[in-house]
Amino acid sequence: MSVLDWLLDPLQYAFMQRALVASVLVGVVCGVLGCYIVLRRMALIGDALSHAVLPGAAIAFMLGAQDFFVGAAIAGVVTAVVIGWVTDNSRVKEDAAIGVVFTGAFALGIILITLIQSRSVDLFHMLFGNVLGVEDRDLAVTAGITGVVLITIVLLYKELLLHAFDPIMAAAIGLPKTALHYLLMVLLSLTVVASLQTVGLVLVVAMLITPASTAYLLTDRFPVMLGLSAVVGTVSAVVGLYASYYWNVSSGAAIVVVATIIFFLAMLLGPRRGLLVRMVRTRRAAGRTATEDALKHLYALQMEGTPLEASALASRLGADERDARRRMSVLRREGLLDGGSLTGLGYDRAETLVRAHRLWERYLVEEGGLSDEDVHAEAERLEHLSPGDMAARLDLALGSPRSDPHGQPIPAARPPVGNGDAPALIDLSPGTKARIVALQETTPEGLHRLADLGLTPGTEILVTALEEEGILLETGGTVRRVDRTLARMILVATTTSPASGRS
Amino acid sequence: MSPEEAGAGGVSLRNVTVSYERKPAVRNVSVDIPAGESVAIVGPNGAGKSTLIKAIVGLVPLDAGRILVHGRPVKEVRLRVAYVPQRGTVDWDFPVLVRDVALMGRYGRVGWIRRPKRADREIAAAALDRMGMTKYADRQIGALSGGQQQRVFLARALAQEADVLLLDEPFVGVDAATEEAIFELLESTRAEGKTVVVVNHDLAEVRKQFRRVLLLNNRVVAYGSPEEVLDPDLIRRTYGGRLTMLDVVDQMARR
């Protein structure tokens, strides 16, 4: 049997055609409405309302009403109102109020349904769905509700978006907060009714939450989220339907399992926030650390006068020779190593790392009270995480020490050519006079702003005060405030400093 | 409209008392903010500054008193009032882009059910441009710095084209570029004759940027020009001998 036959064969049956249409409708309506439920953080209330429609549907049946969905929708809204009332009028918080009210309503519904079970209402099918048993009348209800819900959402698109995103502004421009909230509750109750035959009321919350959450992981645009969620919902419903047909499993359960699998696939493989992508990023960072370590050890070997060979590097790294050779070839590719010696660039980079490492050690011993033996491992980690001006800040805080706690010399800072080792404005203490030597800011707006403030290379400045938000300085007789971000970008050479350092 | 209210522009508060979580946060405040004025509300934490602003916007019910905007209850003139709450009141992970947020400023004017038109998009884009946020228009709002987020919400308020602008602590946690953008905004809106009310902490800036200052500590301590109101004695009374006093003195000295 070909795949096409496998897909088309079941559709020769009218019940299967109805089931397919119902699945698509439910996938779309739950997917779309679910976005609002997820973004408004109403997952719990969605679960509650879906259970609470049961007594409404049961009472409608008992009254002999053909349109039991009206009873269900009324029960949903009544439940939402009662939850709000309990929250507002007792010390019970909302989550507990939801738990009290919906379980009570659900239990009442079960009793009522059991009482009328003889009359054509199957409790099991209401709870877990029976998509293969969808009849024309059910289909009409589902289609009608889907139409009403989608049209409402299209018409009130911007009102519902603002209500979900920023309820305060929504209220400020006069949108009726309570009315919109209960409108969502009505739509939610109707959607639950529309989904009863397909997924059943126990699992319908999954169709509201899971496809919408999947879409939320994958996009930053709300209209895209609505569309993606509808697609995920539909795919889940249709795949679940076939599973239900071929393996005779509960349709609701099959649909929800498919939706859940899609969710976890998106979480693992999502293009931007997926765990796999993040893992690759972490590994790249680890690779950089490994390369930098190799560079540092090669530098040490070169200082000792030992030839830079893979075997020597391997023994220093505690790694095997193949690993050492691989790291050396990475360094060659990056132009840091050339044949048997470090290039000028490699030498500079290594010294920067060693400087950061030894300054960190010194800092951890002096300021952190760690013992000499403990600091090496910690400094090893920190040196790779240090932004450009970190070494300069440590140097200043420590009063420019010459050696690390083990007595080894700390290499001097690289000359201030914008590589971040010159002190930045942010490192200066009040009373310090300095000259701006370079700007690390590279965006045109940033440079423009600095120029507007009169802060260009060669300008003499006097730091007058440090504030929470920034640094006050005087230049050419006027006082300027520079925020901390900007102050990091301005590299300076001090001309006079106050008596005491900033440590 | 009674004769005394006829033609009254700006914002007028009469004997306003408002509760926050069942405790009175603002007591018996009577203040007139003439149209086109810029007012800074200054006071310690818990002085009812935010509550007062929310009351003007109509977000919290009044226990007593009356607030009129351009001589009418705010409900009738909502389109003429724009409000920027303190940062951190929205979900920054929400899937909306910067330009979507700016466009929300137009929602009130567009009206129920109707879609924003091209003119609305242009106004929102111009507002973003004025706040220097055009190049971030396609970013998700969570991908911005705190200052940039603040500028987006200011742009949204600008897009509302309101003539009363209420800003709650716009300077908290923002960078220098944003601070500058806010000052420029205040200056230009003033030049356009709009009424601006800002909750602010920085007394030095208040002195430079605002024509009137309201010292508030649940009730009005003083209201008038910065020269009249920013008097060490009055400030001490506003801050009631709390430790924040030290900051106040610092700021005064720095000026």
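In what follows, chains carry the letters A, B, and so on, assigned in the order in which the sequence lines appear, proteins first and then strands, with residues in each chain numbered from 1.
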Among the options A:Lys177, A:Arg41, A:Glu159, pick out the one with the most heavy-atom pairs lying under 4.5 Å from chain B. A:Glu159
Any chance OH of B:Tyr20 has more than 12 other-residue heavy atoms, nucleotides or ligands included, within less than 6.0 Å? no
Which bit of A:Ala164 comes within less than 4.5 Å of chain B, counting heavy atoms only: side chain, backbone, both or neither? both
Which atoms form the tightest heavy-atom contact between B:Val57 and A:Ala172, and what is the distance? CG1-CB, 3.6 Å
Please say whether more than 12 non-hydrogen atoms of neighbouring residues, nucleotides or ligands are located less than 6.0 Å from CH2 in A:Trp85. no
Which bit of B:Arg156 comes within less than 4.5 Å of chain A, counting heavy atoms only: side chain, backbone, both or neither? side chain
Interatomic distance, CG@A:Leu155 vs CZ@B:Arg114, rounded to 0.5 Å, equals 12.5 Å
Is B:Ile113 close to chain A through its backbone or its side chain, or both, or neither, when contacts mean heavy atoms under 4.5 Å? both
If every non-hydrogen atom of A:Lys158 is compared with every non-hydrogen atom of B:Pro116, which pair is closest and at what distance? CD-CD, 4.3 Å
Is the CZ atom of A:Phe264 crowded by more than 12 outside heavy atoms at less than 6.0 Å? no
Are the side chains of A:Ile173 and B:Tyr83 in touch, meaning some heavy atoms are under 4.5 Å apart? no
Cut-off 4.5 Å, heavy atoms of chain B, and the answer for A:Val224 is neither
So do the side chains of A:Leu39 and B:Pro95 get within less than 4.5 Å of each other, counting heavy atoms only? yes
If I measure from the heavy atoms of chain A, does B:Phe153 come under 4.5 Å with its side chain, its backbone, both, or neither? side chain
Report which part of B:Val84 has an atom under 4.5 Å of a heavy atom belonging to chain A: side chain, backbone, both, or neither. neither
Which answer fits B:Tyr107, side chain, backbone, both or neither, if we ask what part of it has an atom under 4.5 Å from a heavy atom of chain A? both
Side chain, backbone, both or neither of B:Ile141 within contact of chain A (heavy atoms, under 4.5 Å): side chain
Would a 4.5 Å heavy-atom cut-off, applied to side chains only, mark A:Phe165 and B:Met104 as touching? yes
Out of A:Thr464, A:Leu156, A:Leu162, return the one with the most heavy atom pairs under 4.5 angstrom to chain B. A:Leu162
Does A:Gly174 offer a backbone N or O that forms a donor-acceptor pair with the side chain of B:Lys75 under 3.5 Å? no
For a 4.5 angstrom cut-off between non-hydrogen side-chain atoms, does B:Leu97 reach A:Phe222? no
Looking only at heavy atoms and a cut-off of under 4.5 Å, which of B:Val110, B:Asp93, B:Val74 has the most pairs with chain A? B:Asp93
Nearest-0.5 Å distance, CD of residue B:Glu205 to CZ of residue A:Arg481: 6.0 Å
Non-hydrogen atoms of chain A under 4.5 Å away: do they reach the side chain of B:Arg115, the backbone, both or neither? side chain
Tell me, do A:Arg221 and B:Asp100 make a side-chain contact under 4.5 Å, heavy atoms counted? yes
